[in-house]
Amino acid sequence: MEAILLVGGQGTRLRPLTISTPKPLLPTAGVAFLAHQLARAHAAGVERIVFATSYRAEMFEAAFGPHAYGVDLVYVSESQPLGTGGAIRNAARALDCGPDDPVLILNGDILSGHDMRAQVKLHEDAGAEVTLHLTEVDDPTRFGCVPTEGAGRVTAFLEKTSHPVTNQINAGCYVFRRSAIDTIPEDEVVSVERETFPALISSGAVVMGHVESGYWLDVGTPEAFVRGSCDLVLGRIDSPAMPGGPGERLTLAGSTVSPGAVVRGGTTVGRGAVVEAGATVIGSVLLDDAFVAEGATVRDSVLSRGARVGPGAVLDGVILGDGAVVGPGNELCCGLRVWPGIELPPTAVRFSTDA
């Protein structure tokens, strides 16, 4: 089976992490985020994947080459963004399969534990043109809303609405009949959510919904990115690409965690990173060569490559860009983002009075 992996977005919601690295290549539980998708796709029977690239396209082939995690890889780039439908149509020129064969479409910012084999089976058994993975959420107003009838056939595709008719949402993994991809206009900006799916449904084509509400997360925000990495480390979602077994922390080769430090909550400590004695790091992502000094506290945060946190500093829900430095005694919180190379002097930002 073949698949198309959509990885063309700029990841603006995750800046400054994505200034130098595309979102799908960000280290997540010790490996590039895409590694988890490639490994799971291989486990589901996918043998060949076409990368639909755009932003920093050259970095994907440099990262994975022609073969990785048991899957052959091909790279197709867009000279200008074509939307989800346009990207799928553009990448499809590299597919080898026949017109009636299923093609799995994966989004490069979704972490999902759903059963892709079961989704493909439903698609083939129903003779569908497209089969969508649907998941149930408490607040469907932020997502595409997808009602289905009793047998699972999709009756409508409603983009974000304040009055959803169901809590079933589009979870971003699709199975297309190869010939259905060819109905998408070539070299045009097309949205499958706003154009392709509604058009297929209105034409009477069979569009099915595979409803499965297991682990699912859109990692497009800093909070979700940290949560996804920690959930992988803690074993809340399985991934064949994990470089270690589940536990309170993942320490990569060359990292140093002092016996007097507290590091838990699914934290990843990258290669060459250092956590000194008396420091506390909970539920965070420390990339390669990051440094947390004695007495510092880091919670629910990301320290990019070479970022440094000084003695006694407190970070809670913070993103530090590459090489950013937080001096001693600073208190940062509430989604604050520090751009690469910025240095905060001692006690420059505080939310409490000095002791």
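Side chains included, hydrogens not; waters and symmetry mates left out as well; all remaining heavy atoms used.
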Check: Gln119/His114 side-chain N/O donor and acceptor closer than 3.5 Å: yes

Aromatic ring pairing Phe143/Trp216, orientation class (parallel under 30°, perpendicular over 60°, tilted between): perpendicular

Exceeds 12 heavy-atom contacts within 6.0 angstrom, atom CD of Glu58: yes

Atom CZ of Arg337: over 12 foreign heavy atoms under 6.0 Å: yes

Considering all heavy atoms of both residues, which atom of [X] and which atom of [Y] are nearest to each other, and what is their separation?
| X | Y | result |
| --- | --- | --- |
| Ile181 | Ile88 | CG2-CG2, 3.9 Å |
| Pro102 | His123 | CB-CD2, 4.1 Å |
| Val103 | Ala3 | CG1-CA, 4.3 Å |
| Arg117 | Gly45 | NH2-N, 3.6 Å |

Please confirm whether the backbone N or O of [Y] pairs with a side-chain atom of [X], one donor and one acceptor, at under 3.5 Å?
| X | Y | answer |
| --- | --- | --- |
| Ser258 | Glu276 | no |
| Gln168 | Glu136 | no |
| His36 | Ser239 | no |

Name of the residue among Leu132, Leu158, Thr135 meeting side chain to side chain contact (heavy atoms under 4.5 Å, CB included) with Ile169: Thr135

Using the rule that two of Ile, Leu, Val, Met, Phe, Trp, Tyr join whenever any of their side-chain heavy atoms come within less than 4.5 Å, decide whether [X] and [Y] are in one cluster.
| X | Y | result |
| --- | --- | --- |
| Phe351 | Val309 | yes |
| Leu286 | Val31 | no |
| Val338 | Val226 | no |
| Tyr75 | Ile49 | yes |

Test item: [X] and [Y] side chains (from C-beta on) under 4.5 Å apart, heavy atoms:
| X | Y | result |
| --- | --- | --- |
| Asn170 | Glu193 | yes |
| Leu320 | Val326 | yes |
| Leu232 | Thr28 | yes |

side-chain contact (heavy atoms from CB on, under 4.5 Å) assessment of Leu38 paired with Leu5: CA-CA 9 Å; Leu38 296 179; Leu5 185 51; 4.2 Å; yes

Hey, are [X] and [Y] close enough for a salt bridge, meaning a charged N less than 4.0 Å from a carboxylate O?
| X | Y | result |
| --- | --- | --- |
| Asp101 | Arg178 | no |
| Asp96 | Arg48 | yes |
| Arg177 | Asp100 | yes |
| Arg13 | Asp218 | yes |

side-chain contact (heavy atoms from CB on, under 4.5 Å) between Ser284 and Val302, worked out: CA-CA 6 Å; Ser284 296; Val302 181; over 6 Å; no

Distance flag, aromatic centroids of Phe197 and Tyr174, threshold under 6.0 Å: yes

Rounded distance [0.5 Å steps], NE2 in His210 versus CG in Asp115: 6.0 Å

